[in-house]
Asks: 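This structure is in structure tokens; I'll ask about it shortly.
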Amino acid sequence: MFCVSEQNGSQRVFYQNRICILPRLFSALVVLVTALGYVVAPPIYAQSTARDRSASQQPVNLKTVFRVATQPKPLYRVSYSYEFPSQRQIYIQGVGSVSAKGSLNYLCSDEDIKFFDEPGGKLLYVAKLEHPVTLMGASAPRIPDELQFPRESRRGSWSGPGLFSEKAFAVLDKYFRAGYRTYEKDNSVFYLSTYTEVPQSDESTYVEVSVLLSQPIKSGSQPLPFTVAFTARERRSHTDWRDVLSEPSRKDAETFVDQILNALQH
Amino acid sequence: MKFRIAQVWILLIFLASLLVLLSLVAFSYEKQAIYSDDLRDLVVRFLAVYSVPLGVVISGIFGKAATPDRLAPERAFWVAIALALVWNFLILGRTLLFTFSANDRVTALVEYVDAVVGASSFLTVAALTYFFTTDQEGRTP
């Protein structure tokens with residue numbers, strides 16, 4: 001490429017030479033920046049890989065935390081897996097005694113999840129529910145207040161081979177697809193389910209049932225006693241839900257709860 | 001058209017619409033789409049809604065004795081008929097939708113009646129009052 005013009009003297013030649021160098025300098029700069037990018041990139045990748053590896057080594061892996069309600073108090077839908085290799089079983093505050101390895105998906109109002117080696121024992125790990133995702137437009141789960149449940153409840157006992165909490169979760173997951181809330185109070189662990197529709201004998205009436213399971217936090221002996229209380233509501237196709245049940249609806253609800261109690265004991 | 005016949009026509013529009021509404025509510029109850037207390041609430045609500053225009057019509061019929069030969073003011077009559085039909089259609093249409101839809105709510109129907117009919121009732125009342133107080137030549141007292 002010729003950049004020198006002999007017509008305009010030596011100064012002109014020098015000036016034109018400088019102009020022709022600028023694009024070359026720019027190209028060189030681009031090459032340099034690109035090369036630097038390649039040099040810098042590997043450490044970033046290595047850093048994120050290290051972070052992933054350290055996360056996978058933690059005993060609890062929080063998968064999702066959704067804030068599903070804010071009133072009257074925050075309600076989170078949490079999903080996580082956990083593994084405590086040195087333990088045979090652990091105690092999760094508000095959830096109960098579970099195996100040392102597993103995964104759970106439930107509703108809770110606590111800001112963190114505490115893992116102990118046993119009820120009232122040594123704290124193993126705390127998982128904070130930080131930065132929950134709020135689902136826009138999603139309706140809050142239909143879950144009754146604890147005060148809506150009657151004092152009367154059905155009593156059952158668990159003498160199975162595993163832990164009652166795990167049996168309860170399996171039964172609740174089967175019958176209450178919208179989930180359940182777990183909490184502990186007065187030395188008991190409670191599982192408060194969302195409403196689920198009950199198979200109805202009367203086509204024109206819809207019946208929904210929610211159950212409140214409770215078990216003692218510490219139980220020294222087998223079989224483990226537990227209670228099941230329920231609340232139900234009904235509506236017709238063109239009405240809102242009402243808590244007063246007709247006799248057929250009450251029978252449908254009781255049959256359904258008996259079925260749950262039976263499933264919990266076997 | 002004779003004034004008395006015109007009065008009866010207007011009265012018939014409101015009465016027929018009210019009877020159809022009550023029948024639709026009874027039909028909803030009969031097919032167990034609503035409870036008995038919803039039936040009572042809706043009947044009372046519709047009677048309350050219709051009490052205003054029916055009160056104007058009936059007081060117009062009995063309050064001012066018209067001579068048998070008196071003719072109805074034509075323009076006022078047709079305006080009253082048109083507005084009465086529109087007003088009744090607003091309630092009747094929504095109640096028909098309520099009755100024959102698979103899923104609706106009594107509360108939604110009541111909210112609709114309160115909002116829409118309450119806002120539009122002055123039209124009917126104004127038209128009826130104008131009709132019943134206008135003489136054959138279109139003069140109002």
Side-chain angles (χ1 to χ4, degrees), chain A residues 68-69 71-72 135-145 147-150 175-179 193-210 230-257, chain B residues 16-51 87-120:
Chain A
V68 294
Q71 295 291 333
L135 296 176
M136 303 302 288
S139 57
R142 294 171 296 141
I143 194 161
D145 192 87
L147 297 172
Q148 290 177 244
F149 287 85
Y175 288 98
F176 300 91
R177 306 304 293 266
S193 80
T194 50
Y195 278 111
T196 193
E197 200 165 307
V198 171
Q200 60 217 33
S201 53
D202 176 9
E203 281 184 7
S204 61
T205 308
Y206 301 87
V207 182
E208 281 191 343
V209 166
S210 166
F230 79 95
T231 183
R233 59 184 188 175
E234 71 164 53
R235 74 171 178 88
R236 289 186 174 172
S237 61
H238 288 52
T239 68
D240 293 316
W241 292 105
R242 49 182 66 194
D243 295 329
V244 181
L245 294 183
S246 61
E247 201 49 41
S249 299
R250 174 158 293 283
K251 279 182 183 168
D252 288 343
E254 284 178 349
T255 307
F256 178 73
V257 175
Chain B
S17 182
L18 177 60
L19 285 175
V20 172
L21 281 173
L22 297 180
S23 305
L24 289 173
V25 173
F27 178 70
S28 295
Y29 176 67
E30 195 277 328
K31 69 170 186 175
Q32 297 192 326
I34 57 174
Y35 292 98
S36 58
D37 52 340
D38 297 317
L39 171 73
R40 182 199 61 211
D41 291 347
L42 285 175
V43 167
V44 169
R45 177 81 53 175
F46 284 134
L47 287 174
V49 164
Y50 273 78
S51 66
W87 188 81
N88 282 287
F89 180 76
L90 281 174
I91 312 174
L92 206 52
R94 178 66 182 86
T95 312
L96 277 166
L97 287 176
F98 170 82
T99 307
F100 296 107
S101 67
N103 263 307
D104 205 336
R105 292 285 183 277
V106 172
T107 47
L109 177 64
V110 169
E111 278 174 18
Y112 173 87
V113 170
D114 286 350
V116 175
V117 177
S120 64

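So that the names make sense, note that chain A is the first sequence line, chain B the second, and so on, each numbered from 1.
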Asks: Measuring from atom CZ of A/Arg236 to atom OH of B/Tyr29, what distance do you get when rounded to the nearest 0.5 angstrom?
Replies: 7.0 Å
Asks: Which region of B/Thr99, side chain (C-beta onward) or backbone (N, CA, C, O), has a non-hydrogen atom less than 4.5 Å from a non-hydrogen atom of chain A, or is it both or neither?
Replies: backbone
Asks: Are there over 12 heavy-atom neighbours, none belonging to B/Lys31, within less than 6.0 Å of that residue's NZ?
Replies: yes
Asks: Near A/Glu203 CD, under 6.0 Å, is it more than 12 heavy atoms from other residues, nucleotides or ligands?
Replies: no
Asks: For A/Asp240 and B/Thr107, test the side chains for any donor-to-acceptor distance below 3.5 angstrom and give the result as yes or no.
Replies: yes
Asks: Is the number of heavy atoms from other residues, nucleotides or ligands within 6.0 Å of CZ (A/Arg242) greater than 12?
Replies: yes
Asks: Tell me, side chain or backbone of B/Asp38 under 4.5 Å from chain A's heavy atoms, or both, or neither?
Replies: side chain
Asks: Is it the side chain or the backbone of B/Ala102 that comes within 4.5 Å of chain A heavy atoms, both, or neither?
Replies: backbone
Asks: Compare all side-chain heavy atoms of A/Ser237 with those of B/Gln32 and state whether any distance is below 4.5 angstrom.
Replies: no
Asks: Can you check whether B/Tyr35 reaches A/His238 side chain to side chain, under 4.5 Å on heavy atoms?
Replies: no
Asks: Using 0.5 Å steps for rounding, measure from the CZ atom of A/Arg235 to the CD1 atom of B/Ile34.
Replies: 14.0 Å
